[in-house]
Structure formats: C-alpha cells, structure tokens
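Take a look at the structure below.
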Amino acid sequence: MEYNFLKIANAGAICTLTISAPKTLNALNSTILGELDDFVSNIDPSVRVLIITGDGEKSFVAGADISEMAHLNEEEGFAFGKRGADVFRKIETLPIPVIAAVNGFALGGGCELAMACDIRICSNNAKFGQPEVGLGIIPGFSGTVRLARIVGMGMAKQLIYTGKAIRADEALRIGLVNAVYEPAELLPAAMQMAESICANAPLAVSFAKECINEEYDMPADEAIRYENELFSNCFSTEDQKAGMKAFLEKGKAQFQGK
Ligand code: CO8
C-alpha cells in the first residue's frame, strides 16, 4: 500500500514511522488510521524496534480529526472509535517494542496513540492532554483504559474531567513520559534507546513484552505461572545459549533471534 500520511525510514533493524498531516497538526483521520493499520499489520519481520513520531516541530498528533468527527452519528461514532482502538491495540501488542517520540502536541487521540506505545519520551515543548469532554465526547481511542493504568486513577480522572493539557515537565513528574529532551535531541535519544534494545536477544525482549502486557490483569499466581512458562521457553532458543556462552567466555553475543 502507498502511504500519503506516513513516512517510513529504516535504519538497520530500527524503523521510524512519522505521521505527516501538517495542515491539521497530524490529526488522525480515517485515511491515516487505515494507513497505520496497514503498516502495523504488515510490519517487516526484520524490524526489531519501532519509533513513532509526528512530522514538524510543533505536533506529535493533535488528536482525532475533529472536522471528520463533527458529522458522525452514533453508529458512525462507534465505527470510528473502534477503528482507532483496534489499530492502537495492534500497536500495543506488536511483538516488538514501540517507542513514542512525542515532539509537540499529544492531545486526545495523540495522547492515546502515545499511550499505546511501550515507552514514551518527549521534547520539552510537548503538551499532553485529553480535551475530549470539552468537545462533548469522551476519550474514544482507549484513553479511559490506558491513562489510569499509566498515571493512576486519580490523576487520570483529573486530566480527563478537566480536559486541561499538561507540559512535558508535569508529564514526566506523573510518569506519563520517561524522559524529556531538547527538540533536536529527541529522535537521537529514541534511536539510542532503540539501539540498546536491539543489542539484546530479540525473542527475550519479545517474551518480556508479552509477559508485562498479558500479566497486568492476571491474579498474581496466574501471572507468575505465565512468566515461568515464557522463562522456560527462553531455554529452547539459540539466543539463550549464545548469550550465556558469550558471558562465560567474556565475549559479546551476536543474537540471531532464534
Ligand atoms: N482535528 C482537525 N483539525 C485540527 C486538529 C484536530 N484534532 N487539531 C488542529 N487542527 C487544525 C486546525 O483546525 C488548524 O486548521 P486551519 O489552519 O485550517 O484553521 C490547523 O490544524 C492548525 O491548528 P491551530 O491554528 O489551532 O494551531 P494552534 O497552534 O493555534 O493550536 C492546538 C494548536 C492547541 C493543538 C489546537 O489546534 C487544538 O486545540 N486542536 C485540537 C486539539 C484537540 O481537541 N484534540 C482532541 C480531538 S478529540 C480526539 O482526539 C478524540 C479521540 C477519540 C476519538 C473517538 C471517536 C469516536
């Protein structure tokens, strides 16, 4: 599929996906959601870390496209919300880590997209918020689900009920992002983090992601069994043999992802 709103750049096993709709500050319309869905559904298996960012210096994603939503009826609203929620869930459950490099506004659906990623870092001009109630809707791309899980119920309720945006330093303080950078340093920092991840065993990283995601809602005993299962699976991989052999021989493992 040819993309009109996505720019894809590969550097070795790291892929950077840039959402590009400059006229609307990268707001997500149905076409962009369709392109995102196609991209994540067909992601090249050689990619080991995905970085998602927004085009320009001002905005990551300024939300879902309000001009498209303005005329939706209830049935269409359901379909639009489901479309976004489904693609964000695909991103969340990709077998590789996804880093959101938030380079400006991350409002509404933009904040929700960042929250579907495994790790969020941002530039010091970033702004996060869920302004939906000011438009007569609620966060509809799973913001009510993920925000409370990331920042806790009390802060999530405050952000969603007030609709007020917060700056990068506050996002850092409440744990919505892991680190804040000068704008020019953001993508290099994302790349450096991606490279550190790529130096590790791909299957182990993937199992770790699956464990953290899947175990979150399980009772402790079930979660511990789940981890034990995937831990034991590691011992059937070549990477476990290579990693431990390299350590014992004081060398560096070349992981094959097998
Ligand atoms: N949708 C459509 N167009 C947008 C959006 C958007 N979310 N955000 C910005 N734009 C457009 C503006 O209309 C403007 O277009 P034009 O030049 O034609 O007037 C252009 O982008 C530039 O924007 P501004 O001139 O407003 O730029 P400012 O720097 O003055 O302000 C802001 C930047 C603060 C980001 C401002 O544009 C703004 O408040 N945007 C809307 C933010 C927002 O409310 N986002 C949440 C939308 S709701 C949502 O995301 C719900 C997700 C779940 C959906 C579930 C569906 C059922």
Side-chain angles (χ1 to χ4, degrees), residues 3-7 17-37 40 52-92 98 100-117 120 122-151 155-171 176-177 180 183 186:
Y3 300 135
N4 292 313
F5 296 102
L6 304 184
K7 296 179 183 169
L17 168 72
T18 304
I19 298 173
S20 181
K23 284 188 190 146
T24 53
L25 301 179
N26 307 325
L28 301 172
N29 57 34
S30 313
T31 310
I32 302 180
L33 289 174
E35 292 187 6
L36 266 177
D37 193 3
V40 291
I52 300 182
T53 193
D55 210 357
E57 288 161 10
K58 190 171 169 182
S59 183
F60 173 69
V61 167
D65 192 317
I66 299 170
S67 59
E68 183 173 344
M69 283 187 296
H71 309 290
L72 302 182
N73 62 27
E74 190 172 347
E75 198 181 327
E76 291 160 342
F78 180 88
F80 188 66
K82 183 162 172 12
R83 186 157 203 190
D86 285 353
V87 67
F88 287 9
R89 182 68 175 147
K90 281 187 189 176
I91 291 170
E92 185 172 49
V98 184
V102 178
N103 57 311
F105 292 115
L107 302 174
C111 188
E112 292 169 300
L113 172 61
M115 292 193 292
C117 299
R120 283 157 297 287
C122 73
S123 53
N124 55 18
N125 64 332
K127 279 204 172 154
F128 295 82
Q130 298 290 160
E132 285 90 343
V133 294
L135 295 163
I137 59 172
I138 62 170
F141 291 164
S142 318
T144 62
V145 180
R146 293 196 182 96
L147 188 55
R149 291 173 184 219
I150 295 170
V151 303
M155 188 52 81
K157 285 179 172 173
Q158 180 181 322
L159 289 171
I160 291 172
Y161 300 166
T162 65
K164 281 200 192 319
I166 55 169
R167 292 189 333 206
D169 53 352
E170 178 69 351
L176 184 54
V177 297
V180 180
L186 178 65

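The basis for the numbers below is simple: all heavy atoms, side chains too, and nothing from hydrogens, waters or symmetry mates. Counting starts at 1 for both ligands and their atoms, following the listed order.
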query = Taking atom 46 (C) of ligand 1 as the point of reference, which of A70, P131, A27 owns the nearest heavy atom?
reply =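 Looking at heavy atoms only, P131 sits closest to atom 46 (C) of ligand 1.
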key: Option of least heavy-atom distance to atom 37 (O) of ligand 1 (set: T24, L25, L33, L107)   = L25
key: Location of contacts on F141 toward ligand 1, heavy atoms closer than 4.0 Å   =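 F141 to ligand 1: contacts from backbone and side chain alike.
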What atoms in ligand 1 come closer than 4.0 Å to a heavy atom of [X]?
X    : result
D65  : 1 (N), 2 (C)
M69  : 48 (S), 54 (C), 56 (C)
L135 : 44 (O), 47 (C), 48 (S)
E112 : 52 (C), 53 (C)
G108 : 46 (C), 50 (O)
G77  : 57 (C)

message = Under a 4.0 Å threshold between the charged nitrogen and the carboxylate oxygen, would E92 count as salt-bridged to R89?
response = yes
Would you say [X] has any N or O atom under 3.5 Å from an N or O of ligand 1, going by distance alone?
X    : result
G63  : no
I138 : no
A64  : yes
G109 : yes

query = Out of R146, M115, R83, which one pairs with F88 under the side chain to side chain contact (heavy atoms under 4.5 Å, CB included) rule?
reply =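 That would be R146.
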Are there protein heavy-atom neighbours of [atom] below 4.0 Å?
atom                    : value
atom 28 (P) of ligand 1 : yes
atom 10 (N) of ligand 1 : yes
atom 1 (N) of ligand 1  : yes
atom 16 (P) of ligand 1 : no
atom 31 (O) of ligand 1 : no

query = Passes side chain to side chain contact (heavy atoms under 4.5 Å, CB included), I32 versus D65? Steps please.
reply = CA-CA 10 Å; I32 302 180; D65 192 317; over 6 Å; no
query = Does a side-chain heavy-atom distance below 4.5 Å link P139 with E112?
reply = yes
Would you mind checking which non-hydrogen protein atom is closest to [atom], with the distance to 0.1 Å?
atom                    : result
atom 56 (C) of ligand 1 : F80 CD2, 3.3 Å
atom 51 (C) of ligand 1 : E132 OE2, 3.3 Å
atom 42 (C) of ligand 1 : A62 O, 3.4 Å
atom 53 (C) of ligand 1 : G140 N, 3.3 Å

inquiry  = For N26, is there any backbone N or O sitting under 3.5 Å from a side-chain donor or acceptor partner on S59?
reply    =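 Judged by distance alone, no pair lies under 3.5 Å.
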request  = Before giving the answer on side chain to side chain contact (heavy atoms under 4.5 Å, CB included), spell out for F128 and V151 the whole-Å C-alpha distance, their side-chain angles and the decisive distance to 0.1 Å.
outcome  = CA-CA 13 Å; F128 295 82; V151 303; over 6 Å; no
Which heavy atom of [X] sits nearest to which heavy atom of [Y], and what is that distance?
X    : Y    : answer
S123 : A168 : O-CB, 3.6 Å
A27  : A21  : O-CB, 4.4 Å
N4   : E35  : N-OE2, 2.9 Å
C122 : A126 : CB-CB, 3.8 Å

query = L176 and L147: side chain to side chain contact (heavy atoms under 4.5 Å, CB included), yes or no, with the steps?
reply = CA-CA 8 Å; L176 184 54; L147 188 55; 4.1 Å; yes
Contact between [X] and ligand 1, counting heavy atoms under 4.0 Å?
X    : result
K23  : yes
K58  : yes
K127 : no
G84  : no

request  = Output, in order, the C-alpha distance, side-chain angles, deciding distance and verdict of side chain to side chain contact (heavy atoms under 4.5 Å, CB included) for L6 and L17.
outcome  = CA-CA 7 Å; L6 304 184; L17 168 72; 3.8 Å; yes
